[in-house]
Amino acid sequence: MSNITFTILKPDSIRNGNTGAILDKIVKSGFKIKAMKFTKMTDEKASSFYSIHSERPFFKDLVGYMTSGPIVAAILEKENAVNDFRELIGSTNPEEAKEGTIRNMFAKSISENAIHGSDSDENAKIECEFHFSPDEIFN
Ligand code: CMP
């Protein structure tokens, strides 16, 4: 897959009532929704999704937080999707996120940072396939 990225609206976004506003911003920025689900990750699923961070000191808190409530997971399509989406969401640490980015507008802290975006085409493919089966993806 090319021109595809994967996103999660994290539990703080759902809890704080920001789901609609964030999705609106994503769509108005030119991303097409190819797949989307409202779901809750199990401990096992979140640990596996974030396994690259398993040795980090924040890993346990990250898994605890990502399983603390429902999320919205989605596959998004746009030319240059991975990089454009990372521009749209802003830096991981919301204090460093540029004005107008999703994390600047909606995130509270580096651990509760509103939204996830894939960091490469390779990881976008892996993450999309981790969360969606082919029959859940539409053109
Ligand atoms: P995300 O880009 O979704 O993927 C890894 C997540 O780990 C990241 O968002 C942050 O929410 C979290 N994270 C990264 N660095 C730290 C940190 N120093 N302390 C706590 N959480 C972090």
Side-chain angles (χ1 to χ4, degrees):
M1 279 190 280
S2 62
N3 299 330
I4 290 290
T5 195
F6 172 76
T7 189
I8 293 177
L9 274 57
K10 299 186 180 184
D12 58 306
S13 292
I14 313 308
R15 259 196 295 272
N16 297 333
N18 295 327
T19 309
I22 294 174
L23 289 175
D24 189 52
K25 199 163 164 60
I26 291 170
V27 170
K28 285 192 174 137
S29 299
F31 291 88
K32 179 181 166 190
I33 296 168
K34 296 202 48 135
M36 185 157 71
K37 64 175 73 162
F38 186 57
T39 185
K40 190 165 179 282
M41 283 198 277
T42 59
D43 263 21
E44 195 185 4
K45 194 159 181 171
S47 299
S48 173
F49 184 70
Y50 283 115
S51 60
I52 192 169
H53 299 300
S54 63
E55 300 304 317
R56 304 282 203 100
F58 58 81
F59 180 70
K60 202 163 162 266
D61 286 347
L62 174 61
V63 171
Y65 161 62
M66 289 303 293
T67 57
S68 69
I71 58 163
V72 172
I75 299 177
L76 304 172
E77 183 180 60
K78 184 181 183 292
E79 213 173 288
N80 201 27
V82 166
N83 288 333
D84 284 4
F85 196 67
R86 287 179 77 79
E87 279 285 311
L88 177 66
I89 68 178
S91 301
T92 305
N93 183 350
E95 283 175 18
E96 293 164 12
K98 283 188 204 149
E99 207 174 316
T101 60
I102 290 174
R103 282 171 172 155
N104 170 263
M105 293 170 73
F106 299 107
K108 284 190 303 210
S109 66
I110 194 165
S111 49
E112 302 204 3
N113 65 353
I115 192 160
H116 166 83
S118 307
D119 64 4
S120 66
D121 285 344
E122 189 191 3
N123 282 337
K125 184 173 186 298
I126 292 168
E127 293 173 359
C128 289
E129 288 172 357
F130 184 89
H131 285 272
F132 291 95
S133 55
D135 66 345
E136 295 174 310
I137 303 170
F138 302 93
N139 274 311

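Order of listing sets the numbers, starting from 1, for every ligand and every atom in it. Atoms considered below: every heavy atom in the structure, side chains included; atoms not considered: hydrogens, waters and symmetry mates. Sequence positions, counted from 1, serve as the residue numbers for this chain. Predicted model only: the values in this text are computed from it and were never measured.
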Under 4.0 Å between heavy atoms, the region of Glu112 that gets near ligand 1 turns out to be neither
Can Met66 be said to touch ligand 1, with heavy atoms closer than 4.0 Å?
no
Atom 9 (O) of ligand 1 sits nearest the protein heavy atom Lys10 NZ, 3.0 Å
The atoms of ligand 1 lying under 4.0 Å from a heavy atom of His53, numbered in the order shown, are 5 (C)
Only one of Asn113, Ile26, Leu9 passes side-chain contact (heavy atoms from CB on, under 4.5 Å) with Ile102, and that residue is Ile26
Test item: Met36 and Val72 side chains (from C-beta on) under 4.5 Å apart, heavy atoms:
yes
Strictly under 4.0 Å, does any heavy atom of Tyr50 approach an atom of ligand 1?
yes
Is a side-chain donor-acceptor pair under 3.5 Å present for Glu44 with Ser47? no
| request: Report, as yes or no, whether the 6.0 Å neighbourhood of atom CD on Glu136 holds more than 12 heavy atoms from other residues, nucleotides or ligands. | output: yes
With heavy atoms and a 4.0 Å threshold, my read on which part of Ile110 contacts ligand 1 is both
among protein heavy atoms, the one nearest atom 7 (O) of ligand 1 is Phe58 CE1, 3.5 Å
ask   = If two hydrophobic side chains count as joined below 4.5 Å and joins carry through other members, does Ile8 share a cluster with Phe38?
value = no
**Within 45° cone and under 6.0 Å: Lys37 NZ/CZ vs Phe132 ring** = yes
Output for pair (Arg15 CZ, Asp12 CG), nearest 0.5 Å, gives 7.0 Å
The atoms of ligand 1 lying under 4.0 Å from a heavy atom of Arg103, numbered in the order shown, are 2 (O)
Going by the 4.0 angstrom heavy-atom rule, the piece of Arg56 near ligand 1 is neither
Min over Val63, Asn93, Leu62 of heavy-atom distance to atom 6 (C) of ligand 1 lands on Leu62
